[in-house]
Every structure is written in C-alpha cells, then in structure tokens.
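Remarks on the structure that follows.
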Amino acid sequence: GNATHVIASRWRVNLGTDTYGNQMTFTYTEEDRFVDTTSVNYNRASYLDLITYTSHTSGTPTAVYYVKFVLESRGTGASNEVPTTTTAWDNWDTNRLDKIDVRYGTSFATSTVVRTYDLSYAIRSYTDASPAVTWYTTVLTSVAVSGGGINAPSTVFTYADQINRAANGSSSNEWSYPRLATVANGWEGLSSYTYGNDNRPYTSWHNWRVTALDVTDGVNASPMKTTF
C-alpha cells in the first residue's frame with residue numbers, strides 16, 4: 001500500500017499514451033468500507049466512471065470526446081444480490097451500469113450527448129433441493145441506442161437455464177445458471193447459441209461450452225451455422 005492501513009486491491013489504467021503523444025484518461029468511482037472495529041479501509045467496489053480522449057501531451061488539442069458510465073442502484077435485499085450480512089474484507093457492488101453516454105464538447109460540463117447506450121436488466125429467481133435453497137442472478141436483457149437524431153432498435157438478449165451439476169436425488173441442488181441463448185439486433189438479425197457439457201457426475205461441476213452458433217439475417221432462408 002501507499003500509506004498506513006491503505007492497500008491496493010487492484011491495479012487499473014488511468015492514462016494511456018501512444019507513440020505520437022495522443023492520450024486517453026480513465027477515472028473511477030469507488031466505494032470504501034472500514035473493516036469492523038478497526039481503522040483499516042479498503043475499496044469494496046470500483047466502477048469505471050469516465051474516459052476522455054483526443055488530448056495530446058503538448059496540451060493541444062485538449063480532450064473533446066468523453067465516454068461517461070452512468071450507474072444505478074442495484075436495490076436492496078437478497079433478490080438484488082447485495083448481502084444482508086457481511087464479514088471483514090467482503091466485496092460487493094451496490095451499483096451497476098445503467099447507461100453509457102458518448103459526449104462531445106470543449107469540456108465535460110458543457111459537452112453534448114451524441115449517443116446513449118441504455119442497458120436494461122432482469123433478476124432471475126431459482127429454488128432447488130430439499131430443504132429448498134433460493135438464489136438470484138441478474139441478466140442483461142436489452143441495450144437501447146439513441147442520440148444524434150438516431151433511435152435504433154434495441155438489441156435484445158434471452159437466456160436458457162442450464163444445471164451446473166448432475167442430479168443426485170430430491171435433496172440435490174444442481175445450481176442452475178442462465179446461459180446466453182439468443183441475441184436479436186432489432187433488424188431481424190438473430191444469433192442463437194447451442195450448448196453442451198462434459199457429462200460429469202454429480203460429484204463435480206459441469207463445464208458448459210457453445211457447440212453451435214446459428215446466425216439468421218432475416219433475408220436468407222437458411223441460417224449460417226458454425227459448429228464448435
């Protein structure tokens with residue numbers, strides 16, 4: 001660490017410079033937490049906040065393009081994946097990415113949004129085993145694009161639940177988890193994913209992998225298929 005009771009939990013880029021002196025800068029939003037009954041603090045969560053680019057080491061030009069990452073609260077309670085009880089050194093996010101704004105202007109404060117990517121989510125609930133265990137997973141459901149006089153169709157994502165281990169009686173928990181099933185671009189283009197696992201016994205976890213990718217463009221009757 002760089003001071004008493006301050007340690008580095010992760011390393012992140014804050015400045016990139018190419019061989020011609022062009023620069024990009026990166027800033028972050030952090031959530032700090034003190035370990036109970038101590039004066040030790042650490043970054044419990046860290047989010048990319050702002051990227052600025054088109055600046056130069058000479059000072060001319062200055063940055064005029066910005067990418068802003070706007071956060072939203074994940075909410076509270078178990079269904080929002082924020083722990084209700086915690087222990088020392090736990091890490092969790094109370095926020096998630098809401099939208100991405102691409103902006104242009106001589107300063108960030110006076111810049112204009114030229115494109116926005118707005119993300120939507122869903123919380124999926126699962127219950128399994130006996131006695132029953134319940135858990136939740138957040139998935140990205142769509143990305144809407146707007147700005148610059150353009151309102152493009154949303155990209156929509158669907159998911160298929162796959163078990164993470166083989167069943168072993170009624171008390172067994174297979175810990176289902178969503179895998180990406182389709183991506184639709186809003187222009188009749190559709191990517192579909194087929195999965196397979198390695199058929200391990202219940203004493204071990206499945207390894208899932210994509211076995212086939214079908215791409216339909218909305219024009220040709222037969223999709224393009226890639227088999228893995």
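These figures come from a predicted structure and were not determined experimentally.
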Donor-acceptor contact present, side-chain [X] to main-chain [Y], <3.5 Å:
| X | Y | answer |
| --- | --- | --- |
| Thr211 | Thr194 | yes |
| Arg115 | Gly147 | yes |
| Asn185 | Gly189 | yes |
| Arg44 | Arg33 | no |
| Thr54 | Val64 | yes |
| Ser154 | Val156 | no |
| Asn173 | Trp175 | yes |
| Thr116 | Ser146 | no |

Would you check, one step at a time, whether the test side-chain contact (heavy atoms from CB on, under 4.5 Å) holds for His206 with Asp198? CA-CA 6 Å; His206 288 326; Asp198 52 2; 4.0 Å; yes
Looking at Asp49 and Lys68, is any side-chain nitrogen of the basic one under 4.0 Å from a carboxylate oxygen of the acidic one? yes
What I'd like to find out is whether the side chain of Thr155 reaches to under 4.5 Å of the side chain of Val183, using heavy atoms alone.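 Answer yes - side chains close enough.
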So do the side chains of Trp208 and Asn197 get within less than 4.5 Å of each other, counting heavy atoms only?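 Result yes, sub-4.5 Å side-chain heavy-atom pair found.
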Looking only at heavy atoms, which two atoms of [X] and [Y] are closest? And how far apart?
| X | Y | result |
| --- | --- | --- |
| Thr182 | Leu180 | O-CD1, 3.8 Å |
| His56 | Tyr20 | NE2-O, 2.8 Å |
| Tyr117 | Val143 | CB-CG1, 4.1 Å |
| Ala212 | Lys225 | CB-NZ, 4.3 Å |
| Ser204 | Arg165 | O-CB, 3.5 Å |
| Leu48 | Phe69 | O-CB, 3.2 Å |

More than 12 heavy atoms of other residues, nucleotides or ligands under 6.0 Å from [atom1] of [X]: is that the case?
| X | atom1 | result |
| --- | --- | --- |
| Tyr177 | OH | no |
| Trp205 | CH2 | yes |
| Glu72 | CD | yes |

Set out, in order, the CA-CA distance, both residues' side-chain angles and the distance that settles side-chain contact (heavy atoms from CB on, under 4.5 Å) for Val13 and Met24, then state yes or no. CA-CA 10 Å; Val13 62; Met24 298 174 63; over 6 Å; no
Common cluster, [X]/[Y], ILVMFWY with side-chain heavy-atom separation under 4.5 Å:
| X | Y | result |
| --- | --- | --- |
| Tyr126 | Tyr159 | no |
| Ile100 | Leu50 | no |
| Val113 | Ile51 | no |
| Tyr65 | Val145 | yes |

If the plane angle is over 60° it's perpendicular, under 30° parallel, otherwise tilted; pick one for Tyr193 and Tyr195.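 Tilted, since the angle between the ring planes falls between 30° and 60°.
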Give me the ring orientation class for Tyr66 and Phe108: parallel if the planes are under 30° apart, tilted from 30 to 60°, perpendicular past 60°. perpendicular
Check for me whether Arg96 meets the cation-pi criterion with Tyr121, that is, NZ or CZ under 6.0 Å from the six-membered ring centre and within 45 degrees of the ring axis.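 Yes, Arg96 and Tyr121 form such a contact.
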Tell me whether Arg12 forms a cation-pi arrangement with Tyr28, defined as NZ or CZ under 6.0 Å from the six-membered ring centre and within 45 degrees of its axis. yes
Do we see a donor-acceptor contact under 3.5 Å between the side chains of [X] and [Y]?
| X | Y | result |
| --- | --- | --- |
| Glu174 | Ser176 | no |
| Tyr47 | Glu31 | yes |
| Thr134 | Thr127 | yes |

Using side-chain contact (heavy atoms from CB on, under 4.5 Å), reason through Tyr136 and Ser125 one step at a time and then give a plain yes or no. CA-CA 5 Å; Tyr136 305 89; Ser125 175; 3.5 Å; yes
Trace of the side-chain contact (heavy atoms from CB on, under 4.5 Å) decision for Asp98 with Asp118: CA-CA 6 Å; Asp98 177 32; Asp118 196 354; 3.8 Å; yes
